[in-house]
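Atoms within each ligand, like the ligands themselves, are counted from 1 in listed order. As the structure is a prediction and not an experimental result, all values here were calculated from the model. Worth knowing before you read on, the calculation uses all heavy atoms, side chains too, and leaves out hydrogens, waters and symmetry mates.
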Amino acid sequence: MQASDNNALNGAQTHYGACNLCEAICGLEFQVRDGEILSIKGDKNDPLSRGHICPKAVALKDIYNDPDRLRRPMRRRGDQWEEIDWDTAFDEVADRLAGIHEQYGANAVGAYLGNPSVHNYGTMTHSSQFLGPLRTKSRFSATSVDQLPHQLVAMWMYGHQLLVPISDIDRTQYFLVLGANPMASNGSLMTVPDFRHRLKDLQARGGKMVLFDPRRTETAEVADEHHFIRPGTDAAFLAALLNTLFQEDLCKPGKLANFTDGLDEVARAIAGFTAERAAPITGIEAETIRRIAREFAAADGAACYGRMGVSTQAYGSLCQWLIQLINVATGNLDRPGGIMFTKPAVDLIGGPTSKPGHYNVWQSRVSQLPEFGGELPVAALAEEISTPGDGQIRAMITIAGNPVLSTPNGRQLEEALKQLDFMVAVDIYLNETTRHADIILPPTSGLEHDHYDFIFHIFAVRNTAKYSPALFDKPEGAMHDWEIFNALGKRLAERLGNHKWKEARAPHKTVDLGLRIGPYGLLSRHWLSISKLKKHPHGVDLGPMEPCLPQRLQHKNKRIRCAVPELLADLQRLEQELFAATQSEELRLIGRRHIRSNNSWMHNSLRLVKGKSRCQLLMHPRDMQQRGLADGQSVSLSSRVGSVEAEVQASEDMMPGVVSLPHGWGHNRSGIRMSVASEHAGVSINDITDHRYFDPLSGNAALNGLPVTVAAK
Ligand SMILES: Nc1nc2c(c(=O)[nH]1)N[C@H]1C(S)=C(S)[C@@H](COP(=O)(O)OP(=O)(O)OC[C@H]3O[C@@H](n4cnc5c(=O)[nH]c(N)nc54)[C@H](O)[C@@H]3O)O[C@H]1N2
Ligand SMILES: Nc1nc2c(c(=O)[nH]1)N[C@H]1C(S)=C(S)[C@@H](COP(=O)(O)OP(=O)(O)OC[C@H]3O[C@@H](n4cnc5c(=O)[nH]c(N)nc54)[C@H](O)[C@@H]3O)O[C@H]1N2
Ligand code: SF4
Ligand SMILES: [Mo]
């Protein structure tokens, strides 16, 4: 074990690191004695998180100690599981995958990468060791149930899928937010640990936060203004806001005008989307839309930001584009207090390994959905497995993912997984997805490997860098994710006759190189490297975001591209579908996150799930009354694809006409090995989300705004 400090009094050692559970990457201070964690606290000296943590940090200990967590490879025989040794497991996986590859072709082997794969740097650096030799186009990930629209718009407008501007919350005077709940989520595509205090500081300097959300959320409680908005209608609101800026001559792009193309064309294209027309659709008065446009334009630094609620909906790409345009048109891109680009210490954007992204170069086999950056939308995964024909997926690889609970129409996917010839899961639990695998390969847990977050530093509200050494040594007979990928890749390459394959060195070596050649490396005064970071266990502060345009733009002409033809065309869909639709009385379903939960996989920590169930359906009392429902009653919640049973809870915090159920629950499936989670099962919202309800431009699932019905059970 490595430790930075000895506490002479009780023999405990102090160790510093970062939490890798969510995007906030909070600094942690561990007290450890004889291999036991005595305490986990926030690291006050971390330059980004400044001592902040949430209740999940302490659950890192529960995951580490969890007797249900898998520690040896497992092989399924019918409904039974047996432990096997690593070599046997690797050989069997490589034999089966290579066999299917040879018989049915590369695309017959599919892969899905889940969310923790971006929170674990060994997966980022090494999964291609394993997946590369397969050369399959049947690749999927959690991106298409999440932030795909952000990446698509960033690529189109700024030239790189990761060039996503970040709200400068520490300096802004006007923070306009749609569909995000950072008080519960701790921020997303905005790494913002300690959101509460950052917002308090914003308000103390006379700034204001305005929030649009169909639920009066925990964040609404601390915002200055909260407005209900009808789910899925944000694009109409945003178009009207932007149109008001043009109409009332409030656009002042300032220096951006020198390198921005197409704003005029956009102005013409959205001229018909007035505040008056948006009002009855969104539920927001025209005067409110106009007032907010004026306030936004007048503020000395304003930032418009939208997250899950506006990306996982039917107009996700349009929403993200309009948000960028509002910032650009008012000159708030690339200025302190607006939205800005970070300068991360390991630079995946400007560096030699840069992958700007590509779109619609090929399409999914069955429904012709567009690829993005080499991945297909996961809404199409089940049909790619179950539809016969050339290229049908016959084997699946899942890595750090639980798509049965996390992707639309999870029941359908579950049925499809049963039809596979072979499945391997790299995962620490036997859960709703991995139970369908033939072999599960469990890597070390988060506290047993080192970490450098080269993803979330890209999206952080302040430039910092931090290296976290492993808290505990790797136990005897355990393997890190990256070692598993090396071992599998080697065997696969041998079997597939790929002679160019080379074993990749440990992830810290790749990061060390990235740091040295990065913007704070050998050519700067910082000299950052892994060894330098080891000397600064709290992390290194690299300062606030700084203006960097037009140099940082990744289009060859160093210009911002506003008039993206695909998005301009999508405005027609907005007009034809949303504006032409007659107002229906249908209920709309939205999700909900809770500070003590993390997607689907942390419900085996008793300290996080104990107490009253959190998997209730929230509904406005008016809607309940109309249906004769009583508080606490069991109801069936149904959509086009299915039904679940849930307990309804009356809530004045819901917009009338909207109901909310959290995701990540539904641990009542047989055959899983998560004893605590099974006793706090809840139901899965994704048993009823619809794989045909998505943003057609990006293929991103529309998990919010789904039409549903609710009736007494
Ligand atoms: N309806 C609805 N659905 C949603 C959402 C929503 O808001 N509403 N949110 C969506 C979003 S934003 C996301 S990101 C996705 C998440 O979707 P997924 O990534 O598919 O699901 P997770 O619940 O994060 O599952 C993570 C898996 O990784 C495993 N794991 C944890 N740590 C490690 C590790 O270090 N290594 C390995 N190999 N495995 C590990 C866990 O055991 C678990 O099986 O869900 C999406 N689904
Ligand atoms: N505690 C906790 N933290 C997490 C996670 C977790 O599961 N639990 N997951 C992590 C992950 S993977 C992610 S991607 C981030 C997500 O981070 P956020 O996006 O901040 O989190 P959400 O709670 O999904 O916020 C989405 C909000 O959009 C609202 N909404 C729904 N539909 C609409 C709509 O049509 N329009 C508008 N304007 N709003 C709408 C919802 O009511 C909700 O409040 O959180 C991360 N952090
Ligand atoms: S907010 Fe909580 S879960 Fe997220 S990084 Fe910080 S301590 Fe970890
Ligand atoms: Mo996510």
Side-chain angles (χ1 to χ4, degrees), residues 17-28 40-43 46 48-49 51-60 114-116 118-119 141-148 150 177-195 211-220 226-238 282-284 305-316 319 323 406 446 453 456 588-603 608 614 618 653-655 658-664 702-706:
C19 177
N20 67 339
L21 292 173
C22 88
E23 298 177 37
I25 52 175
C26 297
L28 301 179
I40 302 178
K41 295 194 184 119
D43 177 359
D46 182 293
L48 182 63
S49 63
H52 175 267
I53 50 167
C54 83
K56 291 185 292 300
V58 187
L60 284 169
N115 169 276
V118 279
H119 293 273
S141 80
T143 290
S144 51
V145 280
D146 193 347
Q147 80 289 350
L148 173 49
H150 295 253
V177 178
L178 297 98
N181 187 8
M183 285 295 286
S185 70
N186 287 292
S188 180
L189 287 186
M190 177 171 69
T191 284
V192 59
D194 199 11
F195 172 78
L211 176 68
F212 287 81
D213 196 304
R215 181 168 76 89
R216 193 174 301 114
T217 59
E218 299 74 7
T219 303
H226 165 250
H227 302 269
F228 284 137
I229 183 162
R230 245 178 233 128
T233 67
D234 302 78
F237 166 80
L238 290 161
T282 56
I284 297 154
Y305 161 77
R307 198 52 271 274
M308 279 295 282
V310 288
S311 37
T312 57
Q313 55 149 286
Y315 301 99
C319 286
I323 285 171
S406 306
D453 217 307
F456 295 106
R588 297 282 170 159
L589 176 66
I590 62 167
R592 182 163 90 241
R593 279 179 160 77
H594 191 280
I595 191 77
R596 305 183 79 85
S597 185
N598 191 33
N599 296 330
S600 77
W601 67 279
M602 288 191 66
H603 299 148
L608 292 183
R614 289 196 302 267
L618 300 185
D653 291 333
M654 291 308 300
M655 182 178 192
V658 184
V659 289
S660 164
L661 191 70
H663 78 283
L703 303 165
N704 286 299
L706 183 77

Checklist entry - What closest approach, in Å, do Asn115 and Ala142 show between heavy atoms, and which atom pair accounts for it? => result N-CB, 4.0 Å
Checklist entry - Side chain, backbone, both or neither: which part of Ile25 comes within less than 4.0 Å of ligand 3 when only heavy atoms are counted? => result backbone
Checklist entry - With a 4.0 Å cut-off on heavy atoms, is Pro214 touching ligand 2? => result yes
Next on the checklist: Is the distance between the ring centroids of Phe195 and His52 under 6.0 Å?
Outcome noted: no
Checklist entry - N/O/S of Cys54 less than 2.8 Å from atom 4 (Fe) of ligand 3? => result no
Item to check | Identity and distance of the protein heavy atom lying nearest atom 33 (C) of ligand 2 | outcome: Gly309 O, 3.4 Å
Item to check | Asp653 bridged to Arg592 by N-O distance under 4.0 Å | outcome: no
Checklist entry - When the ring planes of His227 and Phe212 are compared, do they come out parallel, tilted or perpendicular, using 30° and 60° as the limits? => result parallel
Item to check | Whether Cys19 has an N, O or S atom under 2.8 Å from atom 8 (Fe) of ligand 3 | outcome: yes
Item to check | Nearest-option assignment for atom 2 (C) of ligand 2, heavy atoms, candidates Ala314, Ser597, Ser600 | outcome: Ser597
Checklist entry - Near His594, which atoms of ligand 2 are under 4.0 Å from a heavy atom of that residue? => result 1 (N), 2 (C), 8 (N)
Checklist entry - Tell me, which protein residue and heavy-atom name are nearest atom 44 (O) of ligand 2, and how many Å apart are they? => result Asp213 OD2, 2.6 Å
Next on the checklist: What protein heavy atom lies closest to atom 26 (C) of ligand 2? Include the residue and the distance to one decimal.
Outcome noted: Gly179 O, 3.3 Å
Checklist entry - Would you call Asn186 a ligand 2 contact, heavy-atom distance under 4.0 Å? => result no
Item to check | Sub-3.5 Å N/O-N/O distance, Phe212 and ligand 2 | outcome: yes
Checklist entry - Atoms of ligand 2 less than 4.0 Å from Lys56 heavy atoms? => result 1 (N), 2 (C)
Next on the checklist: Please determine whether Cys26 has a backbone or side-chain N, O or S atom lying under 2.8 Å from atom 6 (Fe) of ligand 3.
Outcome noted: yes
Checklist entry - Is the shortest N/O to N/O distance between Gly232 and ligand 2 below 3.5 Å? => result yes
Next on the checklist: Within ligand 2, which atoms have a heavy atom of Ile229 less than 4.0 Å away?
Outcome noted: 37 (C), 38 (N)
Item to check | Under 4.0 Å to a heavy atom of Asp146 - the qualifying atoms of ligand 2, by number | outcome: 14 (S)
Checklist entry - Do Asn599 and His663 meet the criterion of a side-chain donor-acceptor pair at a distance under 3.5 Å? => result yes
Checklist entry - Nearest protein heavy-atom contact for atom 11 (C) of ligand 2: which residue, which atom, what distance? => result Arg593 NH2, 3.7 Å
Next on the checklist: How far is atom 12 (S) of ligand 2 from the closest protein heavy atom, and which atom is that?
Outcome noted: Asn599 ND2, 3.2 Å
Checklist entry - Nearest to atom 1 (S) of ligand 3, what protein heavy atom do you find, and at what distance? => result Asn186 ND2, 3.1 Å
Checklist entry - If hydrogens are left out, which of Ser185, Pro231, Cys319, Ser188 has an atom nearest to atom 4 (C) of ligand 2, that is, the closest non-hydrogen atom? => result Ser185
Checklist outcome for this item: Closest to atom 16 (C) of ligand 2 by heavy-atom distance, out of Met308, Arg596, Arg592, is Met308
Next on the checklist: With heavy-atom distances below 4.0 Å as the criterion, list the atoms of ligand 2 near Asn115.
Outcome noted: 12 (S)
Checklist entry - Numbering the atoms of ligand 2 from 1, which are under 4.0 Å from a heavy atom of Ile595? => result 1 (N)
Next on the checklist: Starting from atom 36 (N) of ligand 2, what is the nearest protein heavy atom, named by residue and atom, and what distance separates them?
Outcome noted: Asp234 OD1, 2.8 Å
